[in-house]
Amino acid sequence: MRPPRLRPAFAHAHPEDRCGYWFYFFRLKPGAFSCDRAEFVKALVAEGVEASAGYIPVPLHRNPVFQKHAFFAGGWPVRELGLTKMDYTTHKTPEAEAILQLASASPSTKP
């Protein structure tokens, strides 16, 4: 496993800046390994690599606060004022959901 390649402009943080790396997020290619994601993560952990299967269980828009439009004490001013017709109960993000099904994460303490 190699860390992601960074664009040259972001390859090095200024010495006085703090690095914003939080974790490495990677996606397993189905069929590339002889194990599933859970077994892969278990093998990483057995080798001393802190890792977890996935990051969040579902895309943010599928969380109850979005599904019920329960912002700001139960209301959503943007929608109530007619500024959007967004309905998160019908919104689809197949690529995001596929990524969450195949992804694993490993924390990063160094850039």
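These figures come from a predicted structure and were not determined experimentally.
- Within the 3.5 Å criterion, the main-chain N or O of Ala38 finds a donor-acceptor partner in the side chain of Asp36.
- Linking Ile, Leu, Val, Met, Phe, Trp and Tyr whenever their side-chain heavy atoms come within less than 4.5 Å leaves Val49 and Leu102 in two separate clusters.
- Here the OG1-CD distance, from Thr89 to Gln67, works out to 6.0 Å after rounding to the nearest 0.5 Å.
- The side-chain heavy atoms of Asp87 and His69, taken from C-beta on, include a pair separated by under 4.5 Å.
- A chain of hydrophobic side-chain contacts below 4.5 Å, direct or via other Ile, Leu, Val, Met, Phe, Trp or Tyr residues, connects Leu60 to Leu100.
- Closest heavy-atom contact between Ile99 and Arg27: CG1-NH1, 3.2 Å.
- Cluster membership for Ile56 and Val65, using ILVMFWY side-chain heavy atoms within less than 4.5 angstrom, is shared.
- Aromatic ring pairs are classed by plane angle as parallel below 30°, tilted from 30° to 60° and perpendicular above 60°; the pair Tyr88 and Phe66 is perpendicular.
- By the 4.0 Å N-to-carboxylate-O rule, Glu97 lies too far from Lys92 to be salt-bridged with it.
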Inset, instruction - Starting from the C-alpha separation in whole Å, work towards a yes-or-no answer on side chain to side chain contact (heavy atoms under 4.5 Å, CB included) for His91 and Met86. - result: CA-CA 8 Å; His91 192 67; Met86 173 59 79; 4.0 Å; yes
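- Residues His61 and Thr93 form a side-chain contact, since some pair of their non-hydrogen atoms from C-beta on lies under 4.5 Å apart.
- Scanning all heavy atoms of the two residues, the minimum distance from Ala51 to Val45 falls at O-CG2, 3.8 Å.
- Put simply, the side chain of Arg37 gets close to the backbone of Gln101: a donor and an acceptor are under 3.5 Å apart.
- In plain terms, the two heavy atoms of Val41 and Ser104 that are nearest each other are CG2-OG, 3.5 Å.
- Atom CD of Glu80 sits in a crowded spot, with more than 12 heavy atoms from other residues, nucleotides or ligands closer than 6.0 Å.
- Between the side chain of Glu39 and the backbone N or O of Cys35, no donor-acceptor pair lies under 3.5 Å.
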